[in-house]
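Heavy atoms only: backbone and side chains are in, while hydrogens, waters and symmetry mates are out. To find a chain, count down the sequence lines: A is the first, B the second, and so on, and within it residues start at 1.
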Amino acid sequence: MRRQLATELVLIAVLGYYGWTIHGANVRSEESQQARIAANQSFEVGKYTGFDTAGRRVFPFDQPGVDRVVTFLLRQRSLDNDLGIWLSIAPGARRRGVQLVGLCDGLACGSAVRARGAAIEFPVLLHSEVTSLQALLNADALGQGVVKVADRPEVAVDWRSPGQTPELLLARLLQ
Amino acid sequence: MTMLRWLVAGVLGCVIVVDSVLTLRLWRVAMGHDAVARIVVTRQPNDAGVPDLLRSGLTVDGAPLPSDGPPGPLVVRYAAKGCPYSHSDEVWTSFAEEMRSRGAKVAVLLSAAKQAFDGETLVPSGIPQAAFVSLEWMSRFRLSSTPTVLLFDAGGALVWAEEGTLRSDSIERAVRALERTAPETGSKDR
């Protein structure tokens, strides 16, 4: 009986040890993820260059008259809605020197965008640089896009929040 | 009294069996709770439809990366020319050689196109460098520090990873991780 009790105590101790280890690792993992997201907010992410859905190189800041670039994620599952929002402000944005750049979340989105051809008035990337992608992923997790003004630090802009209107969104992009 | 003793002993025996199973399961979880868990966002092997880096990435010039040859493990080193740790990693050369000797392909994933390594600083020399990558591939991982080494098995699943410069036992641990998954992934189609 004593031997069984001792065995049971050892097993409980081992379970406790591993349980505590895993809990600690989970906490550390969560903390480091939060730290990374915070750090990524201030990433110098370059200029959102990349290759669009047709394989053409895109240099958003090289367009004439462009002084700010707005990058946002297009999700395949809400593509019509996502495109609708940005297409509605595209003409006004272009007149004010704002270059819109979409970024597809996968090949299916890329194919759908390619099929629409010239109906989409701004470039949509299928490939970009890791730092740009990571920053955009972090922003999109909060329902945001990223606004980059020439050499200034980036700022995030809410665009997936309910109640967002094209006029409000355009006004925020120009702030 | 004797019956009571037997009853207690029986209950204790059952508890010991259950706890042993739990301990074994926890031990396996704890062993797997390594750098891979910190880097992976979703465990999606290639047979889930996401192509590997060699098929998802583009060079600095926008050309596809060379992805021919027989299927096998893939080592991806997230690195940057401007990162001093990417240059000072003394274990990396041996690591890459060891992995290549085991049939693995080795590629670099750059943090940005301007961070491409030139002929002399690219180790091993001549390996493909991915400067642009699809979001589909990228969204599976959290890559925030260079260098980071990712090791994929022949089925495309991430089996080992290490953030920061490699340690002296990194090769051994990576080989062990690769060998552990080899029988499981050997039958998978790519």
Ranking A:Leu15, A:Leu125, A:Leu136 by heavy-atom pairs under 4.5 Å to chain B gives rank one to A:Leu15

Looking only at A:Leu73, A:Val10, A:Val14, A:Asp105, the option with the highest number of non-hydrogen pairs under 4.5 Å against chain B is A:Asp105

Contact list (residues 160-175 of chain A to chain B, heavy-atom gap under 4.5 Å, by number) returns none

>> Non-hydrogen contacts under 4.5 angstrom with chain B: give the residues of residues 97-104 of chain A involved, or none if there are none.
In response: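 When heavy atoms of chain B are the reference, residues 97-104 of chain A contributes A:Leu103, A:Cys104 within the under-4.5 Å range.
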
Structural part of B:Ala131 lying under 4.5 Å from a heavy atom of chain A: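 When you check distances to chain A, only backbone atoms of B:Ala131 fall under 4.5 Å.
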
Practice prompt. Heavy-atom distances under 4.5 Å only: say whether B:Leu109 touches chain A with side chain, backbone, both or neither.
Written response: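 Looking at B:Leu109, just its side chain touches chain A.
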
- request: Under the salt bridge (Lys or Arg N to Asp or Glu O under 4.0 Å) rule, collect the residues that match up with B:Glu172, sequence neighbours excluded.
  value: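 B:Glu172 satisfies salt bridge (Lys or Arg N to Asp or Glu O under 4.0 Å) with B:Arg176 once adjacent residues are dropped.
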
ILVMFWY cluster, [X] and [Y] together (side-chain gap under 4.5 Å):
X        : Y        : value
B:Leu58  : A:Leu126 : no
B:Leu143 : B:Leu65  : yes
B:Ile171 : B:Leu166 : yes
B:Val123 : B:Leu110 : yes
A:Ile120 : A:Leu74  : yes

Expected contact set for residues 10-21 of chain B against chain A at heavy-atom separation under 4.5 Å reads B:Leu12, B:Gly13, B:Val15, B:Ile16, B:Asp19, B:Ser20

Cut-off 4.5 Å, heavy atoms of chain B, and the answer for A:Leu137 is side chain

When every non-hydrogen atom of A:Phe51 is compared with those of B:Val60, the smallest separation belongs to CZ-O, 4.4 Å

Notebook entry, point to check: Closest approach of A:Glu129 and B:Lys114, non-hydrogen atoms and distance?
Noted result: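 Shortest heavy-atom separation between A:Glu129 and B:Lys114 comes out as OE2-N, 4.4 Å.
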
Taking the side chain as every heavy atom from C-beta outward, state whether A:Val130 and B:Phe132 have any atom pair closer than 4.5 Å.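 Counting from C-beta outward, A:Val130 and B:Phe132 never come under 4.5 Å.
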
Is the closest side-chain heavy-atom distance between A:His127 and B:Trp137 below 4.5 Å?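 Side chain of A:His127 against side chain of B:Trp137, heavy atoms only: no contact under 4.5 Å found.
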
